[in-house]
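Proteins get letters first, then strands, A, B, ... in listed order; numbering begins at 1 in each. Just so it is clear, the structure is predicted and the values come from calculations on it, not from any experiment.
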Amino acid sequence: MATEYSKPLPVPQPESDHYWEQAAMGKLVAQRCTDCHEFQFYPRVFCTHCSGRSLEWQELSGKGTLFTFTIVHQPPHRGFAGDVPYIAAIVELAEGVKMPSQVIGIEPDPEALSIGMALEVVFEQATDEITLPKFKPALQ
Amino acid sequence: MPNIQRLKNLSGSAAIVGVAESDAIGKVPDKSPLALHSEAALNALDDAGLALSDVDALFTAGWSTLDVAEYLGIHPRFTDSTSVGGSSFVIHVAHAMAAIAAGYCEVALVTHGQSGRSDRAPIPRNSGAPMMQYEYPYGIIGPPVSYALACRRYMHEYGEDRTRQAMAEIAVSTRKWANLNPKAYFYDRPLSFDEYHDSRWVAWPFHLVDCCLVTDAGAAIVITTPERAKNSRKGGVTILGAGEGHDHSMISQMPDLTRAFGRNTGPQALEMAGVSHSDLDLAMIYDSFTYTVMATLENLGFCKPGAAPDFVADQVTAPGGSFPLNTNGGGLSYTHPGMYGIFTVVEAVRQLRGETGERQIKNCELALAHGTGGLLSSTGTVVLGRP
Ligand SMILES: [Zn+2]
């Protein structure tokens, strides 16, 4: 990274180390319960659907749809001053979980975006350690 | 689940006898947050005809009661630092009633003080928390971005144009109330529909005027037994019903973006009070954004999901309208230091006492005050009545 990264960075916790390690390798993963088979976002030490303690990591398809979005004009943190306007979003993944992210690769214009539009994951490296899964319009 | 029969027995077992703001609200760079707590506390105790030496219970949020009690120089025998955002202080009112009814204390003081505008040392967040890991890196930071995500989803489900019109109605009607409140930040600044639509974007679909103010302010509430309330300076306003709870912290974990926890706390508070929506003379509903108050009307059961745009049409929520709403001018146009909830109770009490001058509602006997905290996360509702 040529310039210093000035946006907030995640501080991975023991239960989320794997999520961030995989993201750095270009993989989007989530926990799946071996008892009830539900996925969950974000990682925890147990399944919030059935309280089961047996979770396994699974790579996700990276496909999803736009659940909701906002176009941020006033930077909520100084690190985003050069990024506005940007599209903050909640994405509903094909596996059923929702995750917060950004939509990139499309004009930040409410008319250009529609709820339910198909998205696919892209990986944006922030630092040597942290890569952020973001989403772009899916190629049909 | 709450035991509604026992809650009905609790109804009316405490009364609010004092309310006040800090000496000044708005731009107050020469006062620290704890100074604002203290001024409000002294003013509210004066309103009640009581002194700091009478206080035996302390409730606060944002700060620990440890810090506030020490600054005030009091040694409370019951304390509660429940801190779930702007709804906290509405929740404290109910907690105080429970503590008084149980015998833990007799004179409860709820304090708030926040320098949202001028704080020299804002309290940092825990950077390992899930919100900081999963939302902050994407610029999903703070209320405008988070509430805008909920609002856009509401527009998708119930129609963008009618949602926009309702947001404009709320912004304009709330400003009209502020124009009747000399303490309001926008007391002498009217707002037209044209100005609403021309306002700059903060986080689309939110214009600047869809967003609450950012001010410095403090407020406090004094609560005691019905017996002691009878001998207080202005008499008591009875606490009739209450409900509280939350269902997420960060916005992407909200179970249903258009249905906040008021769906539970509103009906519970009304049932505990033994009243229905149509009995209420005043609704004081936390308006962090125009959208918040609109959606909250549905959550609380004033109208069905998706019906708020019709419910608030044609300025019925403005002065002289059929549904008085946020008569102090709200977080949108009166004051909003960060955790505004306490001010909904302050205004409800003043309206019930009939002391709000130009903006006074006729025959105000029953009021609902509702706080929303965090990112549509937590809610607290109380129903208050003239004795
Ligand atoms: Zn499970």
Exercise for review: Could you check whether the rings of W201(B) and W204(B) sit parallel, tilted or perpendicular, using 30° and 60° as the cut-offs?
Suggested key: perpendicular
Review point. F289(B) vs Y147(B) aromatic rings, parallel, tilted or perpendicular, using cut-offs 30° and 60°?
Key: tilted
Check your understanding: Is the shortest side-chain N to carboxylate O distance from K7(A) to D83(A) below 4.0 Å?
Key -> yes
Point to revise | Heavy-atom proximity to chain A below 4.5 Å, by part of Q253(B) | key: side chain
Review point. Measuring heavy-atom distances to chain A, does M155(B) have an atom under 4.5 Å in its side chain, in its backbone, in both, or in neither?
Key: neither
Can you tell me if [atom1] on [X] sees more than 12 non-hydrogen neighbours from other groups inside 6.0 Å?
{"X": "E107(A)", "atom1": "CD", "answer": "no"}
{"X": "R200(B)", "atom1": "CZ", "answer": "yes"}
{"X": "H156(B)", "atom1": "NE2", "answer": "yes"}

Review point. Counting N and O atoms only, with roles assigned by atom type, does the side chain of D119(B) sit under 3.5 Å from a partner on the main chain of G116(B), one being a donor and the other an acceptor?
Key: no
Of the backbone (N, CA, C, O) and the side chain (C-beta and beyond), which part of [X] lies under 4.5 Å from a heavy atom of chain B, both, or neither?
{"X": "Y86(A)", "value": "side chain"}
{"X": "Y19(A)", "value": "side chain"}
{"X": "P133(A)", "value": "both"}
{"X": "Y42(A)", "value": "both"}

Review point. Who among P144(B), A129(B), G139(B), P130(B) has the most heavy-atom pairs with chain A under 4.5 Å?
Key: G139(B)
Review point. Do you know which of S146(B), G128(B), G142(B) has the most heavy-atom pairs under 4.5 Å to chain A?
Key: G128(B)
Study note, to complete from the structure: Note: vs chain B, highest number of non-hydrogen pairs under 4.5 angstrom among E124(A), H73(A), Q13(A) is H73(A)
Revision key, fill the gap. Looking only at P76(A), G79(A), G116(A), A88(A), most heavy-atom pairs under 4.5 Å shared with chain B are made by P76(A)
